[in-house]
Amino acid sequence: MNLYEYMGKEIFRKYGIPVPDGYVVESASGVKKFDKPVVIKSQILLGGRGKSGGIKFAKSQADLDSGVKELLGSKIRNLTVSKVLVEEMLDIKKEIYVSIALNRAERVPMVIASSSGGVEIESVPEDKIFKTLVDPLIGYSDYIGREATNFLKLEPAIAAQFRAILSNLYRVFEKEDCELVEINPLVITGSGKLVAADAKVVMDSDSMFRHKEISIVDTEKTPLELEAQGKGYSFVELDGNIGVIANGAGLTMATLDALTLHKGKPRNFLDLGGTDNVDTVVNAFELVMKADPKAILVNIFGGVTKCDTVANGIVAAKDRLKISKPIVVRLSGVHEDEGRAILKNDGIEAFSTMLPAIERVAQIAGGN
Amino acid sequence: MNLYEYMGKEIFRKYGIPVPDGYVVESASGVKKFDKPVVIKSQILLGGRGKSGGIKFAKSQADLDSGVKELLGSKIRNLTVSKVLVEEMLDIKKEIYVSIALNRAERVPMVIASSSGGVEIESVPEDKIFKTLVDPLIGYSDYIGREATNFLKLEPAIAAQFRAILSNLYRVFEKEDCELVEINPLVITGSGKLVAADAKVVMDSDSMFRHKEISIVDTEKTPLELEAQGKGYSFVELDGNIGVIANGAGLTMATLDALTLHKGKPRNFLDLGGTDNVDTVVNAFELVMKADPKAILVNIFGGVTKCDTVANGIVAAKDRLKISKPIVVRLSGVHEDEGRAILKNDGIEAFSTMLPAIERVAQIAGGN
Amino acid sequence: MSVLVDKNTRVIVQGITGHQGSFHAGEMIKFGTKVVAGVSPGKGGSKFQSLDVYDTVAEAMKLSPNATMISVPAPYVKDAAFEAIDHGIKIVYILTEHVPFHDTMEIVHQARRKGITLIGPNGPGITSPFLCKIGIMPNQIFKEGDVAVASRSGTLTYEIVEAITRNGFGESTVIGLGGDPVVGLTFIDVLKMFEEDEKTKKIVLVGEIGGNNEERAAEYIKKHVSKKVVAYITGRSAPPGKRMGHAGAIIEKGVGTAESKIKAFNSAGVKVADYPWDIPGLLR
Amino acid sequence: MSVLVDKNTRVIVQGITGHQGSFHAGEMIKFGTKVVAGVSPGKGGSKFQSLDVYDTVAEAMKLSPNATMISVPAPYVKDAAFEAIDHGIKIVYILTEHVPFHDTMEIVHQARRKGITLIGPNGPGITSPFLCKIGIMPNQIFKEGDVAVASRSGTLTYEIVEAITRNGFGESTVIGLGGDPVVGLTFIDVLKMFEEDEKTKKIVLVGEIGGNNEERAAEYIKKHVSKKVVAYITGRSAPPGKRMGHAGAIIEKGVGTAESKIKAFNSAGVKVADYPWDIPGLLR
C-alpha cells in the first residue's frame, strides 16, 4: 500500500529522518504567507510527477497562490490532485539514493544505496549500487551504515548523517511493516545537511491490523476496485469485455490467460475465494455487472467452494440483478452434478472442463 | 545493580505493570494526608525487611506519621533507612510469583512462575515452579504466557492480566538490561486485580552507558567499596587484617584463597587490572590503607602490568602515604628483575613465587 | 516413499476449533491423516471428534506430533508458529492468508535455524496420497502415482492434479508453496526433495508471475535435476503493477513476468504448458 | 595439530588503532601469528606496522581472514561482532570487558546459528604455541607441549601456564573462556575439542566461583573424556553475594560455590589443586 509523499514524510519526521519544512494544502485558503522560495508538489501516487507538470516552484506569494490553485483539482494521468505539499526549496548540492526493500528471493530486507540520486535506481549501473542483505532475526547493525558510506565515498560529516538516516529508515521499514522505503533523492544541501526531498513508503496491506492510525485510499485502484476491496474480493479491472468470476487466484489468472490466448478479452480479475455462501456469489456478480461486460464467464473448481452453492448464487444473481447478458459457466468438483442440475433448471448450460467454456464465451464476446 | 523497590515500581509503571498507589517519603514533612490504610516500607536493598521491622502498617494519620518517623533514619542490619515508600494496603486474596532471570548455563533469559508467592522461590518445590527458556534472538512470544497461566491454573480473567504483566515484565528485562526482574508477591486482590506488591529489579552494571537516567548508590557496597568503584577498581572488603593488591580477578581470588589456607586473613580483594601506570598502584595502596590492615601483600604476575611499574608504585606509595606497615611483595613476569632491584633499593624484598610471600605475610599478620 | 510426510506423520491442528481448522481437520482425518490432537487457546479440555483439544502445544507434545497445521487468524500466526517451532515440531504448515510478510520473514528464518520445514503461509499444504494430507486440498482428486507437483496456487493446483489423475497418472506428493511474497519453501527446496524421492518419476511445477522463484528453479534444474520436469505459468495476461489475488503475484519494475519465467524454463529443457489441461499431455 | 587455531589462521584486529588493540596486535605478530589486516572505523587507509587498516570488515575480507580479535569499547562490541559474524569469520574473539550480557547473549546465539566459534568476551584469548596467538597472553610463558589449558581467568592462567612450562611441560592450546557470566565457550565445548585433539594428552581446567560451568564439565568428563584432567578452582574464600572482580564470579543463592565445583570434579576423578603452583605436580 503506497503512502502519499506527505504521509511518508510525516513518518520520517517521527523517526528522526530530516525532511524539508512544509505543509499540506487541500484548498487555496490553506496557503500560508510566503516567506521563502517553495516547491509545490501534487500529492498523487505516480512517479514522474515533475515531467507531468505536477510540481511547481514559487518565488513569490503570487507564484505560490497561483501554483496551488493550478495544481489543486488538476488531473495528472487520470488522477485528480486533491492535496499539494508546499515545501521549502532546498539548496541542492548533490542528490543520492537510499532505500530498503524486501528481497523476495532471500526473504530478507535489502539495503540499497547509490551516490546517483534523483534518477530511477533501475537506470543506475549495478557497480554504482551498494546492496546488502539484513538478517531479519537480528535487524539493522551499524556496520551496514559504515559499509554504505564507505561505498558511497561520503565525507565524514555527511557520512555520519547518512548512517543515522539509514538506521532510522530501517526502523521505519521494520516498525511500520514496509515493503519499501525509499528516499530519492536524499539531498546534500549547500550547507552540508542531508534532507529527504522525497519519500516513498509502501506498507504491507496485510499488516494494517497493527497500524490502525494509517488510513489511506489507494488511488492506484479504480473506484470499482476499491468497492471490491471493501467487500473483501480480490478484484482487478482490465480493459476487455468478458466479466470473469473464478475461485482461487491462480485459477482466475489461468482463466484470464486462457481467454486471452483464445482472443477473448477479460474485463476483470475476480477471485471468489473459498466460500460456501450464495450471497458471496451474488455480490461478485454485482461488481462484475458494474463493469458492464458483454458476457460473463464463471469458472469454478469446487472444493471448499461447492458447485451447487455457486449455481444457486448464479441463479439468484440473474434474478436479483436482472442480468440479461450471457453467462457461461464451468463447474467441476464438489457437488458438480447438483450444480449443473440447478443451472439447467434455469436454462444455463454448465461445462465440466475449462476449454469449451472459454471457447464459448470468447466467441460470444468476440464482436467487440 | 540492585534497584530500590520504589525505583523498580517506577519502571514497572512505565511499562504498564500495575503497582499499588503510593509515594516516596524522605522526611516526615513529606507525609501526605491519610485517606486509606497504607503500608510503610523501608527502601533498603535487603530481603526480609518485614521480619527486621522495616515494614509498618498504618490505619490512621497518627499511625502513618509515627511509622514514617520511626523508620526514617532507623538502621536495619547496618543499613540506614533514608527513604520509605507509603503505599495503599492491598486486599490480598492470593500471592503468586513471577520473575525473569538470566540462565547462565544456557545463556538465555528464563521465565519463572509459581502459584506460591510471597515466599522465596528457592523454598518452593520444583514441581510447583514453571520454568521456560526464551530465545534471545526472538524474544518473548505470547505462547509462553499461555503455558505459564496454564501451569498456574489461573482463572481466565486473572490469566489474561498475568499474560499482559509477563509480556511487559519481559520488556523490562530486555529494554532495561536486567539480570533479574522479580515480582514477589504478585497479588491477586479481592476484586480480581493483579498488582505487583513488590519489585526486585537488578540491572546489569555493564549496561549503564545506555541507561544514563538511572543513578543509584549501591547500598550493598561499603563506603570504601563505593570509593574504589568510583576510582575504577574491583574492590571487595573482607574482615581480615591483610591488605591484598594483585593483578587479575582470578589471581587475586587465588591469592585470597591461598592466604586463607595458610591461616592468613585477607582484609580485601583488590584487582589492579592491566595497568602500566604508577599512580594506579599508589591509588590502590591508598584504598587498602584506608582499610587499616596489619600488613599488605602485593602479588603481581607481570604481563601488560609491568613489574618495574608496580615496584615504582610501591615505593611511591610508601613515600607519599607514609606507610609504615609491612609490605610483602611477589613479582614475577615482565620486568621482574628491574622491579626487584627497585624494591631492594628501598629495602623491600620481593619474592618470585607466591608461596613464600603468602607464608611471610600470614606470619607477620598472624598475631591478630 | 514420499516427500516430507508419510504414515508416521502425526499432525496437530493449531486453531482446530475455528471454522476452517475444524472443517479441514475433519477432511484430513477422512483422507487417512493421523491427526493426533487439536490446540486452541482457551478451549483446552474440549474435544474435536475423538481428539483432545489443548490450550497449548506444550500439552499436545505428549502425543508426539511431528507436524502441525496452523489455522489461526493472521495476527496470531507468528506466535503460533514460534510455539510449534520452539517445541521442535518438524513440519509447520500455515494455512492462514494475509500474514504480514515481516512476520513470515521471522518465521522462515527461525524455522531454518531450527531445522524445521515451513510450508506456506497462504497455500493449500501438502498431500501424499494416501499416506498423509496436511492442508486443504480436496480429497477426491488424488490417486497414488509417480508425479510430484509443486505449485504457488491453490485451486489451480487442484485443477491440474485432477487433470493428471483423470488422464491415468497419479501423484507421489503435491506441495503448495503458498501465494505470498515470502513463504517457507522455494521451488528449489522441493525440487531437491523430488529428485531424491524414489517414488517420484516426473515433476510438475505450477508457477505464477512475481519474484524470480521460477527463474532460480530453472537454473537449478539445469544442474541438478535428472527427472522429467514440466511446468505451467499463470499470469501471462496480467498487467504490470497489479496484484493478481495473491500478494506475491505482481510484476514490479519488469521483474516477475510470465515471459521471463517461461523463457527460463524453456532454456532448462522444461516444457511449459499453454493451458492447465495440457499438463497431462506433456507428462506422457 | 592444535585446537581452533594454527599456522593457517589469518587474523584481523577490529580496533587495531586503539591502545589495547595496537599493543596486543604487535605482541601477536611477535608471537608468530599471521595478522593480516586491521579494522578501525574512520581510520581506513592508515597503516599498522606493514598492515593495511580498513574502515570495515567487508574491505578486509579480501585478505581472507578466518579469525578476528575485537578490541573496541564495550558499547560497540555487538556491532563489531555482528560485522565479523555476518562476513563469515569463523573465530571471533572478544577482548573487551564490561560488555552488557544482553549483547553477549545475542552474539553467542547468532554465532552458534552461523557455525562460528566465539571466544570471550573478557578473557585472554587463545594460544597454540607457537602456531598462533589471538589475544593478550604474555608470549614468554609458553612452550610447545601436550597440556591443554582452559580457564575462566586471565592472569591466573598465565601464573599456571608459567608454572607448567617451568616444570618441564609444554602447552598444546590454552584457551581463556572469559570472566563474564555469559561467554562464547563453555568448559564442555573445549573439553570436546581437547579430547579430539591428537596433540593434547593432558588437560587443565581453571575454574572459579559462579554459575555451574564446572559442575556440568565434571558430568561431561565422566562420560566423554578419556584424557587426564586436573583442575584448580579459585574463590574458595569468597563471601557469597559479592562479585569478585569478574562479573561472572559471584555466589548467588548458594549456586556457584567453590565447594560444589571441587566436589563435582572429585566425583569425576578430576584432581583439584589446592594452590595454582600444585598443578604441575598433579600433571605428573
Side-chain angles (χ1 to χ4, degrees), chain A residues 102 104-105 107-109 120-122 135-137 173-174 177-179 204-210 220-221 225 234-240 246-261 266 269-271 273-274 299-305 332-334 353-355 358, chain C residues 20 23 74-75 97-106 108-110 113 136-138 140-141 151-159 162 179-183 186 206 208-213 216 232 234-239 241-249 253-254 258 274-277:
Chain A
L102 167 64
R104 279 179 64 155
R107 297 168 286 187
V108 299
E120 287 215 352
I121 191 70
E122 289 75 16
D135 185 334
L137 296 190
F173 182 82
E174 190 180 39
D177 277 294
C178 294
E179 292 177 14
D204 177 7
S205 52
D206 285 339
S207 75
M208 285 305 128
F209 64 85
R210 54 191 175 207
E220 284 182 330
K221 285 197 152 71
E225 286 173 352
S234 282
F235 182 91
V236 178
E237 272 201 88
L238 303 166
D239 52 11
N247 66 324
L251 184 61
T252 311
M253 268 193 280
T255 306
L256 305 185
D257 290 352
L259 264 180
T260 306
L261 285 172
F269 168 105
L270 189 152
D271 173 10
N299 183 17
I300 300 298
F301 190 94
V304 176
T305 305
S332 177
V334 174
T353 57
M354 276 176 74
L355 180 57
I358 280 167
Chain C
Q20 293 225 49
F23 174 76
E97 56 180 334
H98 297 305
V99 179
F101 80 86
H102 281 259
D103 291 2
T104 309
M105 279 198 298
E106 287 187 57
V108 164
H109 291 276
Q110 180 69 345
R113 175 176 169 216
I136 64 170
M137 301 185 200
Q140 65 279 3
I141 60 176
S151 171
R152 286 173 60 191
S153 323
T155 313
L156 179 59
T157 312
Y158 319 153
E159 178 87 39
E162 196 267 350
D180 284 356
V182 178
V183 290
T186 64
V206 183
E208 65 186 30
I209 53 167
N212 64 355
N213 197 343
R216 289 160 72 104
Y232 174 71
T234 185
R236 293 171 179 230
S237 62
K242 290 280 188 183
R243 281 187 201 280
M244 304 304 276
H246 285 153
K253 305 195 168 179
D274 280 339
Y275 303 99
W277 54 83

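We name chains A, B, ... by the order of the sequence lines, and we start the count at 1 in each one.
- Looking at A:L355, the atoms closer than 4.5 Å to chain C (heavy atoms on both sides) sit in the backbone and in the side chain alike.
- With a 4.5 Å cut-off on non-hydrogen atoms, C:Y158 touches chain A through its backbone and its side chain both.
- The residue among C:P138, C:G211, C:G254 with the most heavy atom pairs within less than 4.5 Å of chain A is C:G211.
- Once rounded to the nearest 0.5 Å, the distance linking CZ of C:F101 with CG of A:L102 reads 4.5 Å.
- In this structure, chain A has a heavy atom under 4.5 Å from the side chain of C:E208, while its backbone stays farther away.
- Using a 4.5 Å cut-off between heavy atoms, A:V108 contacts chain C through both its backbone and its side chain.
- Not one N or O on the side chain of A:D271 forms a donor-acceptor pair closer than 3.5 Å with the backbone of C:G245.
- Heavy-atom pairs under 4.5 Å with chain C peak, among A:S332, A:G248, A:P136, A:G303, at A:P136.
- The parts of A:F301 that come within reach of chain C are both its backbone and its side chain, each placing non-hydrogen atoms under 4.5 angstrom from that chain.
- Salt-bridge annotation for A:D135 and C:R113: absent, with no side-chain N of the basic residue lying under 4.0 Å from a carboxylate O of the acidic one.
- Only the side chain of A:L238 comes within contact range of chain C, with at least one heavy atom under 4.5 Å from a heavy atom of that chain.
- Under a 3.5 Å cut-off, the side chain of A:D257 and the backbone N or O of C:R236 do form a donor-acceptor pair.
- A salt bridge does not link A:E120 with C:K253: none of the charged nitrogens is closer than 4.0 Å to a carboxylate oxygen.
- Using a distance-only test at 3.5 Å, with no hydrogens or angles considered, a donor-acceptor pair links the side chain of C:T155 to the main chain of A:N247.
- By the 4.5 Å heavy-atom criterion applied to side chains, C:T186 and A:R107 are counted as neighbours.
- Taking 4.5 Å as the limit, some side-chain heavy atom of C:P100 sits within range of a side-chain heavy atom of A:R210.
- Residue with the most contacts toward chain C among A:V236, A:V304, A:L270, A:I300: A:V236 (heavy-atom pairs, distance under 4.5 Å).
- Of the listed residues A:S207, A:G250, A:G302, A:A246, the one with more heavy-atom pairs under 4.5 angstrom with chain C than any other is A:G250.
- Heavy-atom pairs under 4.5 Å with chain C were tallied for A:T353, A:L251, A:V334; the largest tally goes to A:L251.
- Residue A:T252: no heavy atom, backbone or side chain, is found under 4.5 Å from chain C.
- For chain A, the option among C:S151, C:G248, C:G179 with the highest count of heavy-atom pairs below 4.5 Å is C:G248.
- For the set C:Q140, C:E162, C:R243, C:K242, the entry with the most heavy-atom pairs within less than 4.5 Å of chain A is C:K242.
- A:L137 is listed as a side-chain neighbour of C:Q110, based on a closest heavy-atom distance under 4.5 Å.
- Using a 4.5 Å cut-off between heavy atoms, C:N213 makes no contact with chain A at all.
- For a residue to count as touching a neighbouring chain, one of its non-hydrogen atoms must lie under 4.5 Å from one of that chain's; by this rule A:F235 does not touch chain C.
- Minimum heavy-atom separation, A:M354 to C:P276: SD-CG, 4.4 Å.
- With chain A as the partner, the residue from C:P239, C:A74, C:P75, C:S153 showing the most heavy-atom pairs under 4.5 Å is C:P75.
- In this structure, chain C has heavy atoms under 4.5 Å from both the backbone and the side chain of A:P109.
- Here A:R104 contributes atom CZ and C:R216 contributes atom CZ; the two are 11.5 Å apart, rounded to the nearest 0.5 Å.
- Taken from OG in A:S205 to NE2 in C:H98, the straight-line distance is 8.0 Å, to the nearest 0.5 Å.
- In this structure, the portion of C:V183 lying under 4.5 Å from any heavy atom of chain A is its backbone and not its side chain.
- Scanning all heavy atoms of the two residues, the minimum distance from C:T234 to A:A254 falls at OG1-N, 2.9 Å.
- The two atoms that bring A:A105 and C:N212 nearest to each other are CB-OD1, 3.5 Å, heavy atoms only.
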